[in-house]
Amino acid sequence: MHHDRPDWTPPPADPEQPAQVRRILRLFRPYRGRLALVGLLVAASSLVSVASPFLLREILDTAIPQGRTGLLSLLALGMIAAAVVNGVFGVLQTLISTTVGQRVMHDLRAAVYDRLQRMPLAFFTRTRTGEVQSRIANDIGGMQATVTSTATSLVSNLTGVVATVVAMLALDWRLTAVSLLLLPVFVWISRRVGQERKKITSQRQKQMAAMAAMVTESLSVSGILLGRTMGRSDSLTEAFTKESERLVGLEVRSDMAGRWRMSTIGVVMAAMPALIYWAAGIALHVGGPGVSLGTLVAFVSLQQALFRPAISLLATGVQMQTSVALFQRIFEYLDLPVEIAEPERPVRLERVRGDVRFENVTFAYGAQGSDGQPRAVLSDVDLTVPAGGSLAVVGPTGSGKSTLSYLVPRLYDVVGGRVLIDGVDVRDLDFDTLARAVGVVSQETYLFHASVADNLRFAKPDATDEEIMAAAEAAQIHDHIASLPDGYDTLVGERGYRFSGGEKQRLAIARTILRDPPVLILDEATSALDTRTEHAVQQAIDALSEGRTTITIAHRLSTIRDADQIVVLDRGRVAERGTHQELLDGDGHYAALVRRDAHVVASV
């Protein structure tokens, strides 16, 4: 099936960063109780940390000069106790905050996966698989530091800065003013660095997504086969190397962005104690108010305690700005509209008979025609398939055959008209009823890299071994499975490459038999097989179709001669309908297709 549609591009990111930040903060709302506990631990830790310099001042100004060994011992034990309490508080807040952060990441991963599961089939035909994987793995993984430690670091450092500044003011307001003189400049520098890194991060994640897509496509079984048979292995390696080199450049730019400016801040802050000692000495020399040695040492200790969280706070601000770019990429997926959604009051059918009806069905993909309107793939299609009946749909490539079959399980929604099962619009059915009602066997059989039994149980997780074997026998694949060394525990390999095309088709049929749907869609299920294999698979299909409503999308007309009704589609419209013999007697489109098919078989 070929559709001329442009590649999917994500919607533009929200330019209002405050709105993005509020949305990020809402992710932590379910865990506000634990975060409040972290806040209490952080506040207590900050108070304990601030107490140590005051204890140190008493040691230097009182206990040692006056020889009060008892007081000295108490003050020293107090400083040791403060360090122990701080260590315990630090471990507890790290444990709680890391747990909260990991839960937030889990919530994001689950939300993105759930949203993608509800995307229409068209989304996945327009989006590279590696791009989807990169968003879930690289983008959410890249936010780990932000959601697990940044929130705690922000609260901890902010509380530490406030408590330390208050303590510094209590010691000496003049030295505090000198210490805080350059702080606004530092804040401005860190904001500039954060903006720079945010832009680079967005480019880096896009490059990582491109690499992930290339790896997924070229290192799959199909990609390896294509690359080697086309002699393109070296060129693919060269292309990947170039993509990797681009990522190297972006990684270096990201790490080095603003590095000199942030280093300058660190150097200036490290030099501040010397400035304080110099200022105190000059003030004493010129006859200004003196500062005791204990106060001076305690103040410098506080100042160092201030600079550590201050630098960390600036770095956290840079990290948060960088992480906004990652959150924006995740929010783009979370904001994708769910085009195919379950209705608010879905209809549930306990027993599905299998009547299928297309009423004046019209469908169009996103691609536009010359008039600027979406080009119709199906137009005014009216068909009825009674329960247990069979309909075969034929027509040239691009006539809309597969699209018609996709409307019954609601892989796409009609643009006009209705598709009904037992008189109920499929858009009104609950998803569980629809999944139980319709089974699809296509020419592209997908098997997981798991055992044969696990692949079959995907259709019915609670199936017994006897049910699995019975389904395999009906699909005429049991004997082959039983002959394998590991039997039903045999791994099928990536996408089932350990099995032939006919064997994979029969596994897919067995899987559908296990599901036991009353409505069966066969989308060119034998078109990719040779004549001998097709005959074996067709026997399995005949067993599967027994007693079910069957809609067959046919490539080889020999498989549909006995259908109750045959419909010929031409450019999305019903050109002819009738039985095999009626259409042959009419000598129209169908008769021409039969003659062409017979000529192809004869030439082979």
Side-chain angles (χ1 to χ4, degrees), residues 1 3-27 29 104-140 143 202 205-206 209 213 324-347 361-369 372-378 402-419 425-435 438:
M1 189 169 59
H3 310 135
D4 296 324
R5 300 191 300 275
D7 287 343
W8 175 82
T9 52
D14 187 351
E16 299 183 7
Q17 186 166 314
Q20 293 285 352
V21 172
R22 286 194 296 271
R23 186 172 182 181
I24 294 169
L25 292 176
R26 282 199 296 271
L27 297 173
R29 188 176 295 170
V104 169
M105 289 180 66
H106 160 74
D107 293 344
L108 275 175
R109 281 194 299 266
V112 171
Y113 188 86
D114 177 67
R115 179 54 61 102
L116 291 174
Q117 280 286 351
R118 292 186 287 154
M119 286 295 101
L121 191 62
F123 171 84
F124 297 97
T125 63
R126 299 185 301 238
T127 308
R128 300 174 77 180
T129 303
E131 165 73 20
V132 175
Q133 293 172 346
S134 180
R135 298 260 176 150
I136 294 177
N138 294 333
D139 292 354
I140 295 180
M143 296 185 301
S202 182
Q205 295 306 117
K206 289 178 181 178
V324 167
L326 301 177
F327 277 106
Q328 283 176 342
R329 285 172 58 82
I330 296 303
F331 291 155
E332 284 171 6
Y333 268 10
L334 291 177
D335 292 339
L336 288 171
V338 178
E339 299 173 18
I340 298 179
E342 197 170 54
E344 290 185 9
R345 296 181 178 178
V347 177
V361 166
T362 300
F363 179 78
Y365 291 109
Q368 297 180 341
Q373 297 298 316
R375 186 175 64 246
V377 178
L378 297 171
S402 293
T403 300
L404 186 73
S405 71
Y406 288 164
L407 299 178
V408 181
R410 209 184 166 202
L411 298 178
Y412 296 103
D413 271 343
V414 298
V415 173
R418 298 189 301 169
V419 178
D425 193 320
V426 295
R427 291 171 294 186
D428 295 329
L429 289 172
D430 76 318
F431 286 160
D432 181 63
T433 296
L434 198 56
V438 184

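In this chain, residues are counted from 1 in sequence order. All values below were derived from every heavy atom in this structure, side-chain atoms included, with hydrogens, water molecules and symmetry-related copies excluded.
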Q.
Counting neighbours of CZ on F431 that are heavy atoms of other residues, nucleotides or ligands and sit closer than 6.0 Å, is the number greater than 12?
A. yes
(Q) Before you tell me yes or no, could you show the steps for T433 and V347 under side-chain contact (heavy atoms from CB on, under 4.5 Å), namely the whole-Å CA-CA distance, both residues' side-chain angles and the distance that decides it to 0.1 Å? (A) CA-CA 8 Å; T433 296; V347 177; over 6 Å; no
**Q.** Those residues that, when tested against D107, pass side-chain contact (heavy atoms from CB on, under 4.5 Å) (two or more places apart)
**A.** Y31
Q) Atom CG of L108 and atom CZ of F331: how far apart are they, to the nearest 0.5 Å? A) 6.5 Å
Q. For the residue pair A364 and A376, what are the closest heavy atoms and their distance?
A. CB-CA, 3.9 Å
Q | With R418 via salt bridge (charged side-chain N to carboxylate O under 4.0 Å, His left out) - residues at least two apart | A | E359
Q. Do V112 and L334 pass the side-chain contact (heavy atoms from CB on, under 4.5 Å) test, and can you show the C-alpha distance, the side-chain angles, and the key distance before you say yes or no?
A. CA-CA 6 Å; V112 171; L334 291 177; 3.9 Å; yes
Q) Is R23 close enough and on-axis enough to F327, meaning under 6.0 Å and within 45°, for cation-pi? A) no
Q: May I ask you to decide if Y333's main-chain N or O and R115's side chain share a donor-acceptor pair within less than 3.5 Å?
A: no
Q | Within-4.5 Å side-chain heavy-atom neighbours: R410 and V419 | A | no
(Q) For a 4.5 angstrom cut-off between non-hydrogen side-chain atoms, does L378 reach L407? (A) yes
Q: Mind checking the CG-CG spacing from D428 to L434? Nearest 0.5 Å is all I need.
A: 11.0 Å
Q | Minimum-distance pair of heavy atoms, taken over all atoms of G417 and R427 | A | O-NH2, 3.2 Å
Q: Could you tell me the separation between the CG atom of D430 and the CZ atom of R345, rounded to the nearest 0.5 Å?
A: 15.0 Å
